[in-house]
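Here the structure is a predicted model, which means the values were calculated and not measured. Below, all heavy atoms of this structure are taken into account, side chains as well, without hydrogens, waters or symmetry copies.
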Amino acid sequence: MLATPRFPTAQRGARLRELQLPELRPEPGMPHDSKLLVQSAGAATLSQVWRMAVTMGTYMVLRRFIPPEEMGVWSWAEPLFVLIAQIRDLGVPGHVVRMRDRTYGNYLVLQVVWGGLLAGALALGAPLLAEAFAGRDAQTAPVLRWMCLFLFVQGLASVPLTYFEVEQRVVRTIPAELARNVGFAALSLVLAWRGFGVWSVVLAHTASYVIYAVALWLRAAGDIPLRYQSAATAGLVRSSWPLAVMSLLELAVLNLDPLIIGLVLPQAAVARASLAILALFFFSRSVADAVGRSVYPALVAHHHQPERSFELYRLATLFLVSFVVPLSFGAFLNAEAVALVLGGEQWIGAGRYLTVAAFVPFLRPLTMFGREYLMVVHRDRLLILYTLTNLLSLGGLGYWLVRGELRELGMAVAGYFPLGTLLLGWGLRQIAPRSFDRLLVEIGELYLLGLLCFGWIWWVPAERMWLRFGLSAVAAAVCVAIALWRHRAAYRRFLGTEADAALSQ
């Protein structure tokens, strides 16, 4: 499923010892301090909510100007470059996080030199890369070349962004986030109104990231220690490559739908499937990204005490599932209405994909923060096996089904067979059996709550689309309110001043 990259994760302690690198341990004043954690989490969440609202609203308008037959190239290129960005980063952001003596100067040089070479090579090879897209046309290669510029600029922005996240000073990135999103919204809408079609998205996306990179560097000027160690960059890359491999595999799984559909079907099919995936996962993944940006350093800080870190993992998972449940039920009951709201009449075909895929998130609650947690407690081999199993089961089955009569719906059906998730669940239970069993029961309770809140709406005739939509909105509010009230003490520990107490129980 389509996703944005999560904050990079740490490598197992045994591997660190093999590489003779120091492990991160809790010390006074380190970023996992509860006040900084709560402040950073709040800032990250505020930033994500803003970004979510502006992005969703902007695309709702853009789809009225750009039909699926033209938007498909962007829907395919965006997740492709999410994967290429992992090759650009080489796992270095995650490794920088776990170092005591962080060499941001080497990281910057890597982004300038390696990132520039990779972007340049891809720009030259854009026509060849375009051959992999079944719906390619005359503008596919030029779009890919512009995405290469975005790739380079994004790499430059990742250096100060990593610094702010590591230091739990995400609040200082909010002005840059605001500038980027306002810039994207304004420029893309003006260009779409002027008839630029999909180029309105491509040009605005690139320009807004230039604004973002400049704003981040201005904010970090004078603070970020750009220390450079001669001949240390090669060692940095060698130490980081396991993280690069695992991140690439994970994001390949998350972005399978548009990539595989794009190998077989025309642009419209890719665009409609991407809209359905966006509707189903946009909110939950935005919240997951925001929470993860602060939860991850706390998990790293407590990696030597698995039982304590599991409590943080459990609370973060429950919090997110509280929102996933009403979103899935609402999407299933109102798929056509959602497609109309987000895209208009031309995009109504996305409703079929959304109906089929609506409950895919129900099979993956443990994976929301499970990958980060297992890496922190040194379960790298299991994670690689888990990711490869998912890649083969979802990708193999999906490709076979897409080539058949189901067409793009084949990927929606394949989403219900993430066989690797069984391995991940087994690994989590080995660490804290009682806490894991408790988490499963609590997740089951949330699923039952969703069924009770939404089940009766099924009897409202489908022809009364907007009545269903309104009733579902009320049911969603009730469902979230009850879930938050049911676990209010846990969420208070997770989000409030009792954060340290949650980790010490």
Side-chain angles (χ1 to χ4, degrees), residues 1 45 48-49 52 276-277 279-288 290-292 295 310-335 337-338 354-370 373 415-416 418 421-422 424-425 428-429 432 434-460 462 464-465 467-496 498 502 505:
M1 297 292 182
T45 302
Q48 286 294 101
V49 169
M52 175 184 67
I277 295 165
L280 190 58
F281 290 97
F282 187 70
F283 180 82
S284 60
R285 284 177 177 165
S286 295
V287 174
V291 175
V295 167
F310 193 93
E311 176 68 2
L312 179 58
Y313 161 72
R314 185 183 72 85
L315 296 179
T317 300
L318 280 178
F319 182 76
L320 200 57
V321 172
S322 298
F323 295 93
V324 167
V325 168
L327 283 172
S328 291
F329 276 105
F332 177 75
L333 292 169
N334 303 276
V338 170
L354 187 55
T355 300
V356 177
F359 295 109
V360 166
F362 277 26
L363 300 178
R364 308 179 186 184
L366 301 176
T367 67
M368 294 170 182
F369 300 104
Y373 177 70
Y416 289 95
T421 303
L422 299 175
L424 183 136
L428 289 170
R429 195 177 189 281
R434 291 185 179 179
S435 297
F436 179 82
D437 293 343
R438 175 188 177 189
L439 175 59
L440 287 186
V441 171
E442 290 171 326
I443 291 173
E445 290 174 349
L446 290 175
Y447 289 172
L448 179 59
L449 172 63
L451 181 61
L452 293 175
C453 289
F454 284 88
W456 62 276
I457 301 177
W458 173 261
W459 302 104
V460 177
R464 306 191 66 178
M465 177 191 304
L467 175 60
R468 264 197 178 197
F469 191 84
L471 292 174
S472 296
V474 174
V478 172
C479 186
V480 171
I482 293 175
L484 294 179
W485 179 85
R486 168 71 175 80
H487 298 284
R488 61 192 182 282
Y491 296 147
R492 228 177 1 248
R493 293 196 300 271
F494 176 51
L495 296 173
E498 299 179 57
Q505 290 185 351

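- Rounding to the nearest 0.5 Å gives a distance of 8.5 Å between CG of L315 and CD of E442.
- A distance of 9.5 Å separates OG1 in T355 from CG in L333, rounded to the nearest 0.5 Å.
- Contact record, L449 with A483: CD2-N, 3.9 Å, taken as the closest heavy-atom pair.
- Taking the six-membered ring where tryptophan is involved, the planes of F362 and F329 are perpendicular, since the angle between them exceeds 60° and thus also 30°.
- Y416 places a side-chain N or O within 3.5 Å of a backbone atom of V356 that can act as its donor or acceptor partner.
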inquiry  = Between V321 and Y447, is the side chain to side chain contact (heavy atoms under 4.5 Å, CB included) condition met? List the steps.
reply    = CA-CA 9 Å; V321 172; Y447 289 172; 4.1 Å; yes
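- For the pair R468 (side chain) and W458 (backbone), a donor-acceptor distance under 3.5 Å is present.
- The shortest non-hydrogen separation linking A475 to I457 is CB-CD1, 3.9 Å.
- Taking each heavy atom of V325 and C479 in turn, the nearest pair found is CG1-SG, 4.2 Å.
- Looking at every heavy atom in both residues, L280 comes nearest to A331 through CD1-CB, 4.0 Å.
- Atom CZ of residue R434 and atom CZ of residue F310 lie 13.5 Å apart, to the nearest 0.5 angstrom.
- Under the rule for a side chain to side chain donor-acceptor pair (under 3.5 Å), the partners of R429 that lie at least two apart in sequence or sit in another chain are D437.
- Between the OG1 atom of T367 and the CG atom of L428 there is a distance of 10.0 Å, given to the nearest 0.5 Å.
- Looking at L363 and T421, their side chains never come closer than 4.5 Å, going by heavy atoms from C-beta outward.
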Test side chain to side chain contact (heavy atoms under 4.5 Å, CB included) applied to V338 and F469, step by step:
CA-CA 8 Å; V338 170; F469 191 84; 4.3 Å; yes
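- Side-chain contact check for I443 versus L366: some heavy-atom pair is nearer than 4.5 Å.
- When the side-chain contact (heavy atoms from CB on, under 4.5 Å) test is applied to R486, the partners found at least two apart in sequence or on another chain are E445.
- Side-chain contact between W456 and L471 is present, with at least one heavy-atom pair separated by less than 4.5 Å.
- Between the R488 side chain and the W485 main chain, a donor and an acceptor come within less than 3.5 Å of each other.
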Steps toward side chain to side chain contact (heavy atoms under 4.5 Å, CB included) verdict (L439, Y313) = CA-CA 10 Å; L439 175 59; Y313 161 72; 3.8 Å; yes
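- Using a 4.5 Å heavy-atom threshold, the side chains of P365 and V324 count as separate.
- One finds the CZ atom of F323 at 13.5 Å from the OG atom of S328 (value rounded to the nearest 0.5 Å).
- S322 places no side-chain N or O within donor-acceptor distance of the main-chain N or O of V480, the cut-off being under 3.5 Å.
- When the side-chain contact (heavy atoms from CB on, under 4.5 Å) test is applied to A476, the partners found at least two apart in sequence or on another chain are P326, F454.
- Nearest heavy atom pair, residue G415 against residue P418, reads O-CD, 3.6 Å.
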